[in-house]
Amino acid sequence: MELHGTIAENLQLAIRSARRLRNKAVHPDTIAYWQELLREARLTRREDAMPTAVDALVQTLQTEISDRTAPAVAANAQPTDIS
């Protein structure tokens, strides 16, 4: 995954987008991007033995994603800018 900025910055942007898009249709590619970002953050986290602010950001984004139900993710939704 190619990121622009730090993991923390990307997580913060994803959280902001997820919150802005609550109760709105979100393109499946956007959800997939958020999930890939979570995987990347967890992989990076494993390399660092000390707890970081990234841990809280990962948990927050995970919560935002898990709060979405199938009807909230529209298969025919237009791509959404996550920045």
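Positions are given from 1 along the sequence.
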- Interatomic distance, R16 atom CZ to T60 atom OG1 [nearest 0.5 angstrom]: 13.5 Å

- State the CD-OG distance between E64 and S17, to the nearest 0.5 angstrom. 10.5 Å

- Might you work through the side-chain contact (heavy atoms from CB on, under 4.5 Å) test for L37 and L3, ending with a clear yes or no? CA-CA 9 Å; L37 180 59; L3 299 175; 3.9 Å; yes

- Using side chain to side chain contact (heavy atoms under 4.5 Å, CB included) as the criterion, list what pairs up with A56, not counting sequence neighbours. none

- Return the set of residues passing side chain to side chain donor-acceptor pair (under 3.5 Å) with Q35 (not counting sequence neighbours), or none when no residue passes. none

- Query: So, does S66 use its side chain to make a donor-acceptor pair with the main chain of Q62 at under 3.5 Å?
  - Reply: yes

- Item | Verdict with reasoning, H4 to L13, per side-chain contact (heavy atoms from CB on, under 4.5 Å) | CA-CA 11 Å; H4 301 282; L13 291 171; over 6 Å; no

- Message: Quick check for you: to the nearest 0.5 Å, what is the distance between L61 atom CG and Q12 atom CD?
- Response: 11.5 Å

- Message: Do L57 and I7 make a side-chain contact, defined as non-hydrogen atoms from C-beta onward lying under 4.5 Å apart?
- Response: no

- Task: Could you walk me through whether I15 and W34 pass the side-chain contact (heavy atoms from CB on, under 4.5 Å) test, one step at a time?
- Result: CA-CA 9 Å; I15 291 165; W34 291 340; over 6 Å; no

- Note on the structure: Rounding to 0.5 Å, atoms CG (D29) and CD (E36) come to a distance of 11.0 Å

- Could you walk me through whether T6 and L11 pass the side-chain contact (heavy atoms from CB on, under 4.5 Å) test, one step at a time? CA-CA 9 Å; T6 66; L11 287 166; over 6 Å; no

